[in-house]
Enquirer: 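My questions all concern the structure below.
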Amino acid sequence: MSYYKHHIFFCLNARENGEAACAQHDAQGAFDHCKARVKAAGLAGPGGVRVNKSGCLDRCAGGPVAVVYPEATWYTFVDKEDIDEIVESHLKNGRVVERLVLPPDVGR
């Protein structure tokens, strides 16, 4: 058994050269919101969910992005409601939010 049931990593990368980056889409705000929602739902900690910051995940064209492991499900999101849906559906109930899945051909 794994120490955590799920890890969710949020790309918080910023670029100074004007190229696409998740930080341009308030990725930090999404990370903070997810962390608070996971904690409020009682999902945080060993056997539950760990919400992590990440540097560049190299899928900037689909940004902002987050990835949930161990399933390796890549998400894009627009607002806090999308994050709430990921927490409730995927992290709490194990159901992928298909409408937010980042297409596999989207890269940098």
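The model shown is predicted, which means the values in this text are computed figures rather than measured ones.
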Enquirer: Taking all non-hydrogen atoms of both residues into account, name the closest pair between F31 and N52 and its distance.
Expert: CE1-C, 3.6 Å
Enquirer: Identify the two heavy atoms, one from R15 and one from C56, that lie closest to each other, and give their separation to 0.1 Å.
Expert: NH2-SG, 3.3 Å
Enquirer: Nearest 0.5 Å, please: how far is CD in E81 from CD in E85?
Expert: 10.0 Å
Enquirer: Say whether I8 and L12 are linked into one hydrophobic cluster, either directly or through other cluster members, by side-chain heavy-atom distances under 4.5 angstrom.
Expert: yes
Enquirer: Compute the centroid of each ring, for Y75 and then for H90, and state whether the two points are separated by less than 6.0 Å.
Expert: yes
Enquirer: According to a 4.5 Å side-chain heavy-atom criterion applied to Ile, Leu, Val, Met, Phe, Trp and Tyr, with indirect links allowed, do I83 and L102 form part of one hydrophobic cluster?
Expert: no
Enquirer: Side-chain contact, heavy-atom cut-off 4.5 Å: K35 with V38?
Expert: no
Enquirer: I need the minimum non-hydrogen distance between C11 and G55, along with the two atoms involved.
Expert: SG-O, 3.5 Å
Enquirer: Which atom pair, heavy atoms only, marks the closest approach of F77 to A30?
Expert: CE1-CB, 3.3 Å
Enquirer: So how far is it from I86 CD1 to K92 NZ, rounded to the nearest 0.5 Å?
Expert: 15.5 Å
Enquirer: Please find the pair of heavy atoms, one from W74 and one from V65, that lie closest to each other, and give the distance.
Expert: CZ3-CG2, 4.4 Å
Enquirer: I'd like to know if L91 and V97 are part of one continuous hydrophobic network [Ile/Leu/Val/Met/Phe/Trp/Tyr, side-chain heavy atoms within less than 4.5 Å].
Expert: yes
Enquirer: From C22 SG over to Q28 CD, what is the distance, rounded to the nearest 0.5 angstrom?
Expert: 12.0 Å
Enquirer: Are the side chain of R50 and the backbone of A44 linked by a donor-acceptor contact shorter than 3.5 Å?
Expert: no
Enquirer: Where do E88 and N93 come nearest, in terms of heavy atoms and distance?
Expert: O-ND2, 2.8 Å
Enquirer: Over 60° means perpendicular and under 30° means parallel, so tell me whether F9 and H7 are parallel, tilted or perpendicular.
Expert: parallel
Enquirer: Tell me, with the steps shown, if S54 and F10 meet side chain to side chain contact (heavy atoms under 4.5 Å, CB included).
Expert: CA-CA 6 Å; S54 173; F10 282 82; over 6 Å; no
Enquirer: Is there a continuous path of hydrophobic side-chain contacts, each under 4.5 Å between heavy atoms, that joins V78 to V87?
Expert: no
